[in-house]
Protein chains: 2
Amino acid sequence: MDSLKNHVLKLVQASDEALDLFASKLQRIAISKKRFLLQPGTQVQHEYFVLKGCLKTYYLDKKGNEHIIQFAIENWWLGDFDAFYNGGTGKFFIEALEDSELLAIDYNSLQEVFEKEPVFERYFRILITGAFIAQRRRILDGLSLKTKGRYLQFCEAYPNIETRVPNYQIANYLGVSAENLSRVRRKLKS
Amino acid sequence: MDSLKNHVLKLVQASDEALDLFASKLQRIAISKKRFLLQPGTQVQHEYFVLKGCLKTYYLDKKGNEHIIQFAIENWWLGDFDAFYNGGTGKFFIEALEDSELLAIDYNSLQEVFEKEPVFERYFRILITGAFIAQRRRILDGLSLKTKGRYLQFCEAYPNIETRVPNYQIANYLGVSAENLSRVRRKLKS
DNA sequence: TATATTAATTGATATAGGTCAATGGAATTC
DNA sequence: GAATTCCATTGACCTATATCAATTAATATA
């Protein structure tokens, strides 16, 4: 659990009591490779913090095509946020790409933490603001760059993910075909 | 200023004192059509709330191509968040598409509000979480839909913007050419 | 180690959408 | 109300990238 505590302390000044309250609400989860943490159509009760491992969040469209909207590795939060915060059933699959260990917090517990220890309002505000900015960058890259530029940007922004995830999944995340990414990578070598 | 107060009260329960403190930090700004609220390369001191009007946030790439990352109308917050929160100079232009009235808050004032009235940590946390979810949806649409689907989704999600912004700017926002959007729209009519 | 599975690459072809250029209509501006 | 600027549309052509199919390479499993 220390990695989450450190993560919190990097963003806010939380007292020991606040951290203890938060810790008391967390549930430890292990999930093995290829298993699903979430599937669409179900209620979304939790948000997750990655202690160890690697996962992907993706949407499956009507034609059965997968669209990866997020990878998560150590020290990332992930979840189906729309369903978690706004209710209703989830839209996304979350699947482990490696054997992983997570911490989970359920909605009511999180609200209780917010009420009792407002420093966690700040923690999540800062966290989500950073995520918002990163997403905005991703959108901008999608608008302004071709495959080559988007791939280079991805490798620079997420070197730790680039080395752990197969290329065809990175292509999917970038919104291009695996074949196209392969050809672009070849050109980059020469 | 009432529209901002109402906006706050829709998301959180803020006391009159909290609202008054917040209001005391806000500065009223008028900006006329085609004028710039922000330009790249400058320090970003403020975030803005739209009382009236319509604006766009865009990036100008090396080739001189514009890429619109956000439209904002009444009751939207906008700004160059990366530069505002993380320092450094801005990357984006923000330009008024109509004569507009805004409220502005500067960084230090906002931090003071956060310190004194944590309910605003919550307000901005909820706000940015919603924006994050909307952006995630935009990314997903970009990955999974062709021009037609993206356009329909945009019109459904932002009917108030669709009617106020010229089509070629909507095309730009969607990441397609104006010509292509025009052809897609024609097919939709028949 | 052999086998099966998964991932990356390559070639050939098809297509959505980009780009360029021209036109006509709409909306501002003088 | 005339003139000018702005915007939407259309046609012709071009390009990046998707798709399909096959092969090779790498990785996992028995």
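Just so you know, these numbers use all the heavy atoms, side chains as well, and skip hydrogens, waters and symmetry mates.
- Residues A:D80 and A:T57 are not in side-chain contact: their nearest non-hydrogen atoms beyond the backbone lie 4.5 Å or more apart.
- Residues B:R122 and A:E121 are paired through a salt bridge, judged by an N-O separation under 4.0 Å between the basic side chain and the carboxylate.
- Atom CD1 of B:I73 and atom OH of B:Y158 lie 10.0 Å apart (nearest 0.5 Å).
- In this structure, A:Y59 has its ring center at least 6.0 angstrom away from the ring center of A:F93.
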inquiry  = Does the protein touch nucleotides 12-20 of chain C at the base, only the backbone, or not at all? Give it as B, S and - per nucleotide, heavy atoms under 4.0 Å.
reply    = B---SSSBB
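- As a whole-Å value, the separation of A:N65 CG from D:dT19 C1' is 11 Å.
- Checked against the 6.0 Å centroid criterion, the rings of A:W76 and A:F71 do not qualify as a close aromatic pair.
- Comparing the start and finish of the helix from C:dT1-D:dA30 to C:dC30-D:dG1, five pairs each, the helix axis swings through 60°, to the nearest 10 degrees.
- Residues meeting the side-chain contact (heavy atoms from CB on, under 4.5 Å) test with A:K10, sequence neighbours left out: none.
- Taking the ring centroids of B:Y58 and B:F92, they lie at or beyond the 6.0 Å cut-off.
- At a threshold of 4.5 Å between non-hydrogen side-chain atoms, the residues A:L188 and A:L152 count as touching.
- At the phosphate of C:dA7, neither OP1 nor OP2 sits under 4.0 Å from any side-chain N or O atom of A:N167.
- Under the 4.0 Å criterion applied to side-chain N and carboxylate O atoms, B:R164 and B:E74 are assigned as salt-bridge partners.
- Atom CG in A:L174 sits about 18 Å away from atom P in D:dA16, given to the nearest Å.
- Residues from residues 53-64 of chain B lying near DNA chain D, meaning a heavy-atom separation below 4.0 Å, are absent.
- Per the geometry, OH belonging to B:Y168 stands 15 Å off P belonging to D:dT5, to the nearest Å.
- In terms of phosphate contacts, A:K189 brings a side-chain nitrogen or oxygen within less than 4.0 Å of OP1 or OP2 of C:dT9.
- In this structure, the side chains of A:S100 and A:L55 come closer than 4.5 Å at one or more pairs of heavy atoms.
- Residue A:E66 contributes atom CD, which lies 16 Å from atom P of D:dA18 at whole-angstrom precision.
- Taking atom CD1 on B:I170 and atom C1' on D:dC7, their separation rounds to 13 Å, with Å as the unit.
- Across A:F124, A:F22, A:W77, a single residue satisfies ring-ring contact (aromatic ring centres under 6.0 Å, His included) together with A:F49, and that is A:W77.
- What separates CG of A:L97 from P of C:dT6 is a distance of 14 Å, to the nearest Å.
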request  = Treat primed atoms plus P, OP1 and OP2 as sugar-phosphate and everything else as base, then score nucleotides 24-30 of chain C 5' to 3': B for base contact with protein heavy atoms under 4.0 Å, S for sugar-phosphate contact only, - for none.
outcome  = -------
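- Residues A:Y123 and A:H7 place their aromatic rings such that the two centres sit under 6.0 Å apart.
- Pairs passing the salt bridge (Lys or Arg N to Asp or Glu O under 4.0 Å) check and including a residue from residues 173-189 of chain A, sequence neighbours excluded, do not occur.
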